[in-house]
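First the structure, in the form of structure tokens, and then the observations on it.
The shown structure was predicted, so the numbers you read here are calculated from the model rather than taken from an experiment. For ligands, and for the atoms within them, numbers begin at 1 and follow the listed sequence.
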Amino acid sequence: MADTTLMDKLVSLCKRRGFVFQSSEIYGGLGSVWDYGPLGVELKKNVKDRWWYAMVHARDDIEGLDAAILMHPRVWEASGHIAGFTDPLVDCRHCKNRFRADDPRIKGTPGQPDAQCPVCGSRGTLTEPRMFNLMFKTFMGPVEDQAAVVYLRPETAQGIYVNYLNVLQSSRQRIPFGIAQIGKAFRNEITPGNFIFRTREFEQMEMQFFVKPGTDAEWFERWREWRMQWHQSLGLTPAKLQWHQHGPDELAHYARAAFDIQYEFPFGWQEIEGIHNRGDFDLGRHQEFSGKKLEHFDQAANERYLPYIVETSAGADRVALTLLADAYREEQVEGETRVVLGLHPAVAPIKAGVFPLVKKDGMPELATALYHDLKRRFPAFYDDSGAIGRRYRRMDEAGTPFGITVDGETAAQRTVTVRHRDSMQQERVGVDQVAGFVAERIGRD
Ligand code: GAP
């Protein structure tokens with residue numbers, strides 16, 4: 001299967017089955033903004049819940065936070081985003097398309113007669129690069145002047161830095177400790193694309209770990225290992241995950257060291273999470289710009305210092321896309337193509353489909369009762385329309401790991417068949433055991 005075809009099929013399945021829709025579709029859509037449908041919202045929620053569990057609930061040294069999207073504009077001066085969060089932009093005067101100046105498809109130097117537009121092929125029509133800030137601007141209050149400008153945050157991290165003392169003082173934590181946050185971020189990307197991979201509105205799952213200077217390299221290595229393990233725990237194909245170390249030319253202005261976790265998408269190896277050793281850049285800048293002391297006093301050692309920060313920053317949408325791309329497969333079964341989303345049961349939107357084999361002999365009543373029982377514990381779906389094979393196929397496409405069928409033996413023997421999505425094998429399980437059987441396999445028991 002050609003790689004572009006795989007992405008097309010994935011986008012089409014996501015729309016058909018209610019994972020992801022284009023934003024404002026009935027108005028023609030809004031560029032690179034997407035909405036999550038009933039199955040997509042469950043998938044992304046499962047990703048975020050798993051991250052929150054691993055970061056906050058399973059550990060004693062990380063606290064949660066939910067900071068506002070709008071922040072004081074000085075935050076973005078201190079962070080360097082007003083001065084430096086820019087991309088070089090070029091326009092084609094002929095076809096009116098817009099590119100990043102470093103777009104590898106551009107031949108020649110933008111602004112020069114030899115430069116060729118990668119879309120319409122015209123020569124000499126690309127403008128000189130001009131710097132373009134990726135932050136979305138809006139106004140606070142009724143007057144739309146410079147003094148009222150506020151920004152939609154381009155990352156969630158800054159909300160953590162400006163709250164670090166609040167959290168430290170209110171939580172009884174001690175350094176080393178971390179603050180985790182999940183929330184929306186916005187970037188006016190020049191070249192968004194590849195479905196939900198690069199969008200203008202997205203969700204980040206960021207954790208900032210505050211450590212004593214000198215211990216940062218050690219913590220950085222620990223966090224690299226833990227984060228890779230987390231991605232592996234989602235059931236991704238191990239050979240499709242790799243590290244990419246940032247060279248000196250790639251390092252962000254705040255980073256002393258940086259590694260990306262990359263996944264091999266149908267469109268190539270791309271970053272899904274960044275792990276950065278940010279040193280004392282962030283707290284140092286906020287201390288300078290706010291005039292407030294952000295140092296930590298270590299009573300035991302009787303010393304005062306500005307903590308260093310190790311950051312782990314992942315995109316919830318990107319992880320969701322990674323799961324979908326990794327899970328999609330087509331198989332030939334009895335002369336028909338079976339489309340399966342082989343999602344890990346823990347992230348699958350629906351955990352079990354419940355089906356009466358036929359709509360008579362008391363089977364619908366038994367199946368409905370079982371469905372209500374399961375739904376109290378995890379998302380389940382009831383389906384009594386069409387041939388049983390079709391119902392299984394619909395659940396295969398939705399990534400549902402278990403299909404539970406009430407049949408002629410159920411009433412007398414108090415058993416149902418459980419069909420496994422991946423192997424399509426079936427086994428008989430007691431009606432009273434089936435909720436526990438599924439719960440155990442999705443990590444709830
Ligand atoms: N605080 C550091 C930071 O924001 P980043 O590498 O710019 O670092 C971190 O972003 C993660 O956020 C990326 O690895 C990616 O998963 C996600 N991300 C960034 N820009 C995105 C976009 N335009 N669309 C979707 N996800 C994005």
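For Glu201 (side chain) and Phe186 (main-chain N/O), no donor-acceptor pair under 3.5 Å exists by modelled atom type.
Closest to atom 13 (C) of ligand 1 among all protein heavy atoms lies Glu271 OE2, 3.3 Å. Here the heavy atom of the protein found nearest to atom 9 (C) of ligand 1 is Ser313 OG, 3.0 Å. Scanning the protein heavy atoms around atom 12 (O) of ligand 1, the nearest turns out to be Gln204 NE2, 3.3 Å. Of all protein heavy atoms, the one lying nearest to atom 25 (C) of ligand 1 is Phe197 O, 3.2 Å.
For ligand 1, the polar-atom distance check against Ile196 finds no nitrogen or oxygen pair separated by under 3.5 Å. Polar contact with ligand 1: absent for Phe202 (N/O pair, distance under 3.5 Å).
Nearest-heavy-atom check against atom 4 (O) of ligand 1 across Glu311, Arg187, His276 picks out Arg187.
Crowding of Gln229 atom CD: a count of heavy atoms from other residues, nucleotides or ligands under 6.0 Å exceeding 12. Residue Asp66 places its CG atom among 12 or fewer non-hydrogen atoms of other residues, nucleotides or ligands, all under 6.0 Å distant.
Within the structure, the closest approach of Thr199 to ligand 1 falls below 4.0 Å when heavy atoms are considered. Under the 4.0 angstrom criterion for non-hydrogen atoms, Gln270 is not in contact with ligand 1.
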Open item on the list: Set out, in order, the CA-CA distance, both residues' side-chain angles and the distance that settles ring pair (Phe, Tyr, Trp, His ring centres under 6.0 Å) for Phe210 and Tyr164, then state yes or no.
Closed with: CA-CA 9 Å; Phe210 300 84; Tyr164 123 87; 4.8 Å; yes
TODO: Could you go through the side-chain contact (heavy atoms from CB on, under 4.5 Å) check for Phe281 and Arg285 one step at a time?
DONE: CA-CA 6 Å; Phe281 175 83; Arg285 293 278 288 193; 3.7 Å; yes
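Remark: Arg441 is positioned above the aromatic ring of Phe437, its terminal NZ or CZ atom under 6.0 angstrom from the ring centre and at most 45 degrees off the axis.
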